[in-house]
Structures are given as structure tokens and as C-alpha cells.
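Working notes for the structure below.
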Amino acid sequence: MKFLLFPPPGASLQQAFRVEPDNITVLEGAAAVLQCMVDNPSGVVQWVKDGLLLGPDRSIPGFPRYSMTGDPSKGEHHLRIVGSRLADDASYECQAGRSEDSPGIVSRTALLSVLVPPKLPIMKEYEADSTVTWVAGVEYSVTCSASDAKPAAEISFNKGGSPLPEVSLQVNSGSNEKLSSTEAVLRVTPQSSDNGKRLVCAATNEAVSAPLVAGVTMNILFPPEPPTIEGHTRPEIKAGETLKLSCISRRGNPLATLQWLKNGDVVSTSWETDDTGRASRSLLTLSIKPEDNGAQLCCEAVNQVSPLPLPAGLTLRSLFPPTPPVLPTEVSILGSSNTPENKQISLSCSTAPSNPPVQLRWWLGWRGLHHQEESFVNFNDPVPLWVPQFPLLLNNRDCPIPSPAQPREGRGLIQVVMTSYPPQKLWIEAPPPNSQFRAGTKVRLTCFASGGNPAPRLVWIKVAASVTKGWLQQDTKSLREGTQVASGKIVSKELILSSSPSDNRATYRCNASNDAKSPALTAQLPPIDVKITTTAKEVRRGQALTLTCTTGSSNPFATLAWFKDAEKLKGVDLGRKPAEFGGLSTSGKVTLVVSSSDNGRRVTCQAHSSILAETVNTFHKLNVLCRSPAGGGGCLESGALGPRERGGGPAGGAGPQGSRGEPLSVWLAEGSPRHHLREGASLCIWNVSRADAGPYRARCQNPEGQNETLLHLDVHYAPSIRSLGDPVSVDLGATAELVCVADANPAPAGMFQWTWLGMEERSLQQLELEIPVARRAQAGLYECRVDNGVPPPARGSARLIVRFKPELEKGVGLGKVAVPGDRSSPASLQCRAQGVPSVQFSWAKNGAALPPDNPRYTEHTWHEGAWHSSTLTIANVSAVHDYATFTCRASNALGTDTLDIQLLSTSRPDPPTGLKIVSVTHNSAGLEWIPGFDGGLPQRFRIRYRWPGAPSALYVDVFPAQTPAFTLTGLSPATPYSVGVSAHNALGESAQGPSITITTAG
């Protein structure tokens, strides 16, 4: 069973909220909708933002991004905000005004939170997307900030995509009180593996879908790996052999420079770099001599961050007999080279003298022959000689080919031919003409001959170009490489070349009974070597030094570049000229004025082949002789000792060195056991403190003379505040000075910063904070922050006290208090005053001081900062005895102020005053006024308005009831109105206050 309830006849439905707004969060720039639905609306519906009435107009004038949406007939009054901004971040209420049928209603408060993304992060020390150069193993500090975000941004760092922990974050206020700025500090120690990686700072909050990033690319300097030596495959090497060694140093940034030393003497300063493989390589070719036995070979690698050169060494072991060895220099076969078929032939093989004796074998083709007869023949030389003989029976099926005898030591060749006729055809298989080969490339040439009897002997001949005394000449020589092979009536000889610089423009020819030429070869080769020469045997500080760099033959020609360590020098191109193997030699020079700081530095000449993308280097180590002029200077540079922070490790610098490489001697006065002289005459100070700062005198000498110099040790330490006056008191209008004294090193300009820690923080960068005319608003706590760049900064605070005489709070309604005089109610009289120093209160009644022992009078005093308050409570108020004028007196050392308060019976309120217009549209007007004395009871306000021709005035009750502001709506455009406001309480209505005239917009 269902019952339907209907209001009684004549009853009206009360307006009520069907949907009230809820808290919502939106991104900056997005649209926000606060919902409000009212059932049975009878009053004016409007929205309130942070206490400000927005008006009943659905387009909400004055707020172009605001509007009320929905169907009003259905009670829908949603607030829509487009393009949300930080100014929209506030509290909102939906209210329906009072009507004849229903009281006004106010919804619950809804908060609109606008999320603001952070600005693009900024790295304080480095420019975004730049390349920073760091040294591996050294700690660096990176500061990243993301400002003006809501909520505060979260900042993280990653290196090469891997997150970095231990980031210190600090959140500060932003440019607006609702915004926050985040600063993150990362301390990072880069490693060599970080070279080329990106260090990225990422900022994010709830307002962004992807982090905002800023980053830098790290160029990490680190020493190369120790070099390795390749090519020394046998522990022992025979005298007379050629040893080719390769020194390779990998990694390092920059790549290492290499040099070879033999028994401590530099024998080669040429090297080449491979940027792709990240390696430096230096080749050394030695012709081994008996005196090389036991020699120490060393390859050194160094770059600009290497503390010392990195060595790799080996000891040569040269094999030689007690007397110089005698090897066979010639092997020959004696006998007829032509014989009839089926005839016996005798051949003899003889060698040049050798020690020890060599062993010989005979070969017929590739078939070894046995039954050899061997005998010794002694010559006047006591070295024995082997002379084996062997008879051969030949027919047309056994055609012998060269007979090798100990091919590693010597070789004898003979051809036996039955009948003689020339070869029928001769040809060469070779790469196509105009082919180009890089140096080191394998090239295969094959010579073929058909027919002929005896079988033709094939010989390869090389015709190469060379330059002698500026003239281009051709050198011709026969080649012994390759093996001749017979197949039926065709013989062939294959020549496999490993192209070298001498093959450039060379011609290879194969000779049998006629000649055939191979196509000319073109070889591309980098410079064979690079040499630096100078005519100056000695150079002293301030003198000019000219170095000349000349490359070996290269094809195409190389370009030269000069460097002094990592500094590029401007050189002079001396041109190119023909060189051996048909290539070109490039020359250039550079002139520089040397200083003592150049001693030991390397000047590098770099020869680069752009087509081959290969570089060959050599360097000249500067040896600057330093004199010892009177008055100082000398070889000892003032940078030998550098600044160190207090509490750090040892302080010291590279030991001073003489210009000839000798260490300088340094004398220091007797000092603490923390002072130590190290090898190389460098001074080390352990656990350095600020007491170690100051001058150090060093005396040095070398073969050029002696000298003295003063080295200054500058110890950096964090600041500490030594003096800061607190508190500082000053009279109103006088000059106030706050002085902050700190001990710090260094002491840069701007290291002091004052901050007023008041309602709105303000910063001033100055040592002394001077306020010429002190005002009350400037009183409060001030912070002195001292930051010289050495963490941590020092902070101290001082309070500024501005003294002034008491000033009692006075105004409409503060001079009256109304309570019933029937002895049933108490009365509370309150006065508030500002004053410094502390204010003392006293009360009087009709000019006479209140008796302190009267139990009906109770006084309570309250103090907070510069504000002071006194409340006088009168118990059981009697109209006969207590309705009077009470005087509150506030006093301190600087003066006195008084306030009269009348204690009255409850009554109608006083009329409001100060009615004014705050806004006008075509159909509304915004009003404000000052409430009068409320008569001791809660009061409400009523608007009276009238336009010309109206039969009577119209009245509107203000809602909320005690609000001293109201927007009058429903007005006609371009119409004048007379408007007034009155107050009323339970005892009646006040008189009408003064009226004002307003005219709505047309």
C-alpha cells in the first residue's frame, strides 16, 4: 500500500538542494564544472567564490570564463569554468536567496584545486643540451630546479637512462603563494664508462603526463689503459733479423700519445690514432744487432689526465755465437743445363762458406732424391764446405724443376731442357686497370706460359718509381717470390703482394722468352712516417722556437695540424713535393714563444689522410731552460700550491721541475709533522685547516741557476656567523641597522642575503640591513644567510623591534555595549591596543578608577606580539548602578591612549553608514556598507530601492543575514535608482541611513 503526501492547501514547497557541489581537481587550462541542483527554487540562485557573490546573471559579468549552465526550469545551476587558472583555485558555494515562501539556503563548501605543471627544469651550473667536460673519479655537484608548480614538482636524475639515487630535494615557495619551486642537488662522481652518456634532470607532478627534462652530455676525461706490445713472438731473435713491434694503448680520453725508448733513450715519437676502435698505435722497426742483447725496450702511453706515463717493456735476447756467425750467402748448382734424352747427367751443388755447416737435400720436382754423396772440401778459410754430387738419368717424362736447398738460408736453381723452342703464348691474370688498393691489401698476380721446350722459366720483375735528389727515377729489380708450377704444357707462377707504399704506381712484368707487362697499380697509403725537426739546440723562456714537420711519402697527400697538449696551434703550410714510391711529402712549420710553464709539454704534429681516415702523429717534448734573474721569476710557477677546503685530504701540487728535467730542491722552515716533502719536491699538508693559509717560501736551483718564490696557500672554508645583534630595538620613525658579521673564505660580493620572515618574505643582498624610517610593518624576524660557495651556508636570525606608544582600536560599534539591566546578565567590555613595549591597561567608571577589591569587576589581559587586549567583565549588570561610561586606558613608556565605552540597555540597532557602489551592470548593482551598533542583539540588513514613477519603494532582505554586502538584481537597464540600507533586530528597525543614487548601464 502506498501513500501520497500532498502539502495542505495554501502551503508552499520549501527550496532545497538536490545536488550539492563536490571538491574537484582539474589541470591548468582544462574546464571545471561544479554541480548545483535546487528543488523548488523560489529565491535568486548564485555562486559564491571565497566569500564573493558572483551574482545571479547566468553569464556572470566580470568573469568572462565563468558561466552557469543547465536548465534553470529543472533547478540546474552548474558553475562552469573554462581555461582554468591558478586564480580559480578557491572555495565555492551555491546559494539560493530568501523568498517570500522559503528561507535562503547555502550549499556545502566545495574546493576547486587547479594543478599547475612545473616550468622546464634548469641546471644551475650548466647550459641545457651542452657538453660538459669532467675528470673521472672527481666529485661534481649538479643543481636542478623546477619552479612554479602545484603540487611541488618531484625531481630525479638519470645517467644514460639509469636512475641515480641520493638526490637532496628542497621545496621553496614559488612566484605565487599557491605555487612551489623544487631544487634538487646531485653529487656525482663520473667514471670512464660514463663518457658520451647524457645526464638528465627530470621534473614531474600530477599535472604532466610525461616528465619535463633538461640534460647535458658528459665528456669524461680518463687515463688510457696500460699499453701492450705485439710482434715479439719468439723469446730469442737472431742478430741481423728485423724485428717489427707494435705498441697499442686502448681507451682513454683523449687517446694516448705514444713513444718508444731503448735503454732510456727515445727512439720513436710517431704514433697513429684510431677513433673508431678507440686506440693509439705506434710501430717500431729494429734491425737486431749483437749489441742489442739485453737491451730494454719500453713503450710509454700518456694523456693530459694521466698522473704518470704508463709503460710496457720487454728485454731483447739476441742469438749470436762467440765469434760472428757465417751463413751461406750463395747456393749454386754446377752441371750442364742441356742434355739429350736418356742420357746421364751429373750435377754438383756448392754453397758459400758457413758456420756451422749447412745440410743440403736434392729435389726432382717435388720428389725428394736419396743416395746422395756428400764430401767436405777445405779451403784456406777454416770454414768447412759441403759439396754433394748426384747422377741423374732423365727422359721426356722426368723434367726437373728448381731444386731448393735449405730455402730459409739459400737456394740454387738449374733447368734441364731436352729440346729448345720458345713458349707459344704468355699472359697475365691481374686486377682490372686503374684499380686502387689500400696499403696492406693482398693483391694476386698470376703469370701463365704455354708451350716451349725446355719449359720456360718465369721471372717477375718490378719497376718502381723513386725520387732521388728531386728527380723521378725508375728502379727495376727481379723478384724471387712465388713458386713456378707446371701442368702439362702450361707453366704458371703466382705472385701474392701485400701492397706497401713502394707499390704506388709500380709496374710488374713477367719474363719468359718474351715480356708481358701487368697493369700499373695505384696504392693508397697513409704517411710512412712523420718527423719534427728544429735548428735550435737550446731554447729559453721568452724565446721563439720554430718546429718543422715533414711527412713521409703518402698517397693522397696528408694535411698537417699542430697541437700543444690539447691546445690547437696555428701552423704554416710549406707545401708538398714528390717522395718515394710515387707519393707526396707534406711539410709545415709552427713558431711559438715559450714560457717556463711550457717545459715538459708536448707539441704534436698530426698528419691526417682524409680519404683513408687515418692519422699519423709525432711529438716534440719542449725543454725550456729557465734562468734565475734577480727579483724572482725563475722556473718555479706560483700555481704549485692550490686551494683546498678545510677538513679535506692533503693539500699540495705537482712538484716543481727544472727545465732540463732535474727536480728542484725546496727548503721549508721547521713546521708541523703534518707537512711532508714528497719525491719531486712537492709539499704535502695533511688535514689542512684555515691556519695553514698564507705564504710559503721555496728556494729552487738547477743548472741554469737558482731562485726563490713565494707560494700562497688559499684555504677555502664554509662561512660562520661571528656577530649578529639580536634583538635590535628602535623607536618608530628612527633608523634601524641590522649588522651580520661572518668569517668565510672566499668572501665574494653578494654572499650576504637578508630575508624578512614575515607574511611575505622579502630578500635583500647586502651586508648591513639599514631601514631609514622604521615602520611597524617592518618589525619582525630577519634571517641573515651567508653563502660563499663552500657548503654548508651559515644562517642566523635577528628580531627587529619597532617601539611605539599604544594605539587603541576604535570604530563604529566599539564604543557601545548593550545588555539587560535586570541583574541577570553579565557584560563584557573589551579594548584592543597595539604598542611596543608591552602595554598596561586600567579601567575607570565615569572618570573614577574602579576599586580593585570589588568582586563584580573582573579584568583579563592578553598579549600577543604588538597586540594587547583587556576584557572587563561586570557581573549581574544593574541598570541603576552599571549603566555608565567606562574608560579603557592603555599605557607604556612611550605614551597613553584611551577609549570610552558606554554600557547601555538593549535597543534597536544604529543605522549603517558608508553605503557605496562596488559594481554596476545593466540589471544589477553591487553594494557595501559599514554596520552600526547592533543594540546588543543580532542584527540583519534590508535594502530599500525605488525608481522614478514607482508607486512605492521595494525592500530586499540581505542574505546571508549579517553580511555587509549585497548584489541587487532584477533592475532595468539605463534606469536611476534611489538606494538605502537599514538594520533591524528583535527590538525593531533602525532609522534609514543616507541614500545614494545609482544608474544601471544601458
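Everything numeric in this text was worked out from a predicted model, so none of it was measured.
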Return each pair, listed once, that meets disulfide (SG to SG under 2.5 Å) where at least one residue sits in residues 847-880; pairs must be two or more places apart or across chains. none

Would you mind reporting whether Asn892 and Pro837 have side-chain heavy atoms less than 4.5 Å apart? yes

Can you find a pair of side-chain heavy atoms, one from Gln962 and one from Pro931, that are under 4.5 Å apart? no

I would like to know whether Thr1000 and Asn923 meet side chain to side chain contact (heavy atoms under 4.5 Å, CB included); could you show each step before the answer? CA-CA 6 Å; Thr1000 56; Asn923 64 352; over 6 Å; no

Looking only at atom types and distance, does a side-chain atom of Ser990 sit under 3.5 Å from a main-chain N or O of Ala983, one as donor and one as acceptor? yes

Report yes if the side chains of Val958 and Trp929 come closer than 4.5 Å at any heavy-atom pair, otherwise no. yes

Shortest non-hydrogen pair, Pro61 vs Thr921, comes out as CB-CG2, 4.2 Å

Give, for atom CZ of Phe17 and atom CD1 of Ile105, the distance between the pair rounded to the nearest 0.5 Å. 4.0 Å

Straight-line distance of Asn172 CG to Ser180 OG, nearest 0.5 Å: 8.5 Å

Do the side-chain N and O atoms of Gln830 and Ser869 include a donor-acceptor pair separated by under 3.5 angstrom? yes

Does the side chain of Phe63 reach to within under 4.5 Å of the side chain of Leu79, using non-hydrogen atoms? no

Could you check whether any side-chain N or O of Asn846 sits under 3.5 Å from a backbone N or O of Thr885, counting only pairs where one atom can act as donor and the other as acceptor? yes

Where do Ile874 and Phe886 land on the side chain to side chain contact (heavy atoms under 4.5 Å, CB included) test, with the steps shown first? CA-CA 11 Å; Ile874 305 172; Phe886 290 82; 3.5 Å; yes

Any disulfide (SG to SG under 2.5 Å) involving residues 973-1002? Give me the pairs, sequence neighbours left out, ordered by first then second residue. none

What is the ring orientation for Tyr92 with Trp47, classed by angle as parallel under 30°, tilted 30 to 60°, or perpendicular over 60°? perpendicular

Any chance you could measure Gln35, atom CD, to Thr69, atom OG1, to the nearest 0.5 Å? 8.5 Å

What salt bridge (Lys or Arg N to Asp or Glu O under 4.0 Å) pairs are there with at least one residue in residues 887-910, not counting sequence neighbours? Lys810-Asp897, Lys816-Asp910

Are the side chain of Asp934 and the backbone of Gln939 linked by a donor-acceptor contact shorter than 3.5 Å? no

Output for pair (Leu814 CG, Leu829 CG), nearest 0.5 Å, gives 11.5 Å

Can any side-chain N or O of Asp89 pair as donor or acceptor with the backbone N or O of Val114 at less than 3.5 Å? yes

After noting the C-alpha distance and the side-chain angles of Asp957 and Arg940, does the key distance pass the side chain to side chain contact (heavy atoms under 4.5 Å, CB included) rule? CA-CA 8 Å; Asp957 285 337; Arg940 295 173 291 172; 5.8 Å; no

About how many Å separate CG of Leu86 and CG of Asp148, when rounded to the nearest 0.5 Å? 9.0 Å

Pairs satisfying ring-ring contact (aromatic ring centres under 6.0 Å, His included), at least one member in residues 813-864, at least two apart: His863-His868

Go through the steps for Gln95 and Leu53 under the test side chain to side chain contact (heavy atoms under 4.5 Å, CB included), then give the verdict. CA-CA 9 Å; Gln95 70 176 29; Leu53 293 170; 3.2 Å; yes

Between Glu93 and Ser107, is any side-chain donor less than 3.5 angstrom from a side-chain acceptor? no

Considering non-hydrogen atoms only, spot the tightest contact between Gly55 and Met68 and give its length. O-CE, 4.2 Å

Within the 3.5 Å criterion, strictly below it, is a donor on Glu154 or Thr204 matched to an acceptor on the partner's side chain? no

When you measure from the side chain of Glu859 to the backbone of Ser842, do you find a donor-acceptor pair of N or O atoms at a distance under 3.5 Å? no

Please name all residues satisfying side chain to side chain donor-acceptor pair (under 3.5 Å) with Gln992, sequence neighbours left out, ordered by chain then number. none

How about Arg18: does its CZ atom have over 12 heavy atoms from other parts shown lying under 6.0 Å from it? yes

Please name the pair of heavy atoms, one in Val773 and one in Gln778, separated by the smallest distance, quoted to 0.1 Å. O-OE1, 3.3 Å

According to disulfide (SG to SG under 2.5 Å), does anything in residues 822-893 pair up with another residue at least two apart or in another chain? List the pairs. Cys831-Cys888

Is it true that atom CD of Glu206 has more than 12 heavy atoms of other residues, nucleotides or ligands lying nearer than 6.0 Å? no

Would you list the pairs meeting salt bridge (Lys or Arg N to Asp or Glu O under 4.0 Å) in which at least one residue belongs to residues 46-75, sequence neighbours left out? Arg65-Asp88

For Asp22, which residues count as a salt bridge (Lys or Arg N to Asp or Glu O under 4.0 Å) partner, sequence neighbours excluded? Arg108

On a heavy-atom basis, which atom in Ser924 and which in Thr967 lie closest, and how many Å separate them? CB-CG2, 4.2 Å

Working to the nearest 0.5 angstrom, can you tell me the gap between Leu937 CG and Leu987 CG? 5.0 Å

Check the surroundings of atom CZ in Arg946: do more than 12 heavy atoms from other residues, nucleotides or ligands lie under 6.0 Å from it? yes

Are Trp947 and Ser972 packed together at the side-chain level, in the sense that at least one heavy-atom pair is separated by less than 4.5 angstrom? no

On a heavy-atom basis, which atom in Glu28 and which in Pro117 lie closest, and how many Å separate them? OE1-CD, 3.6 Å

Under 3.5 Å side-chain donor-acceptor pair for Asp101 and Ser99: no

Report, as yes or no, whether the 6.0 Å neighbourhood of atom NZ on Lys845 holds more than 12 heavy atoms from other residues, nucleotides or ligands. yes

Show which side-chain atoms of residues 797-807 pair as donor or acceptor with protein atoms under 3.5 Å away, not counting sequence neighbours.
{"from": "Arg803", "atom 1": "NE", "to": "Asp731", "atom 2": "OD1", "distance (Å)": "2.8"}
{"from": "Arg803", "atom 1": "NH2", "to": "Asp731", "atom 2": "OD1", "distance (Å)": "3.0"}
{"from": "Glu807", "atom 1": "OE1", "to": "Arg776", "atom 2": "NH1", "distance (Å)": "3.0"}
{"from": "Glu807", "atom 1": "OE1", "to": "Arg776", "atom 2": "NH2", "distance (Å)": "2.5"}
{"from": "Glu807", "atom 1": "OE2", "to": "Arg776", "atom 2": "NH2", "distance (Å)": "2.2"}

Residue pairs fulfilling salt bridge (Lys or Arg N to Asp or Glu O under 4.0 Å) with at least one residue in residues 983-1002, sequence neighbours excluded: Arg942-Glu989

Any side-chain heavy atom of Leu115 sitting closer than 4.5 Å to one from Asn205? no

Applying disulfide (SG to SG under 2.5 Å) as the test, list every pair that has at least one member in residues 21-66; sequence neighbours left out. Cys36-Cys94

Student check: side-chain heavy atoms of Ile771 and Tyr782 closer than 4.5 Å: yes

Within the distance-only criterion (no hydrogens, no angle test), does the side chain of Gln170 pair as donor or acceptor with the backbone N or O of Thr182 below 3.5 angstrom? no

Quick check against the 3.5 Å criterion: does Arg856 have a side-chain atom that pairs as donor or acceptor with the backbone of Asn876? yes

Across all chains, not counting sequence neighbours, the side chain to side chain donor-acceptor pair (under 3.5 Å) partners of Ser891 are Thr896

Any non-hydrogen side-chain atom of Val730 less than 4.5 Å from a side-chain atom of Thr735? no

Is there a donor-acceptor pair closer than 3.5 Å between any side-chain N or O of Thr963 and the backbone N or O of Ala961? no

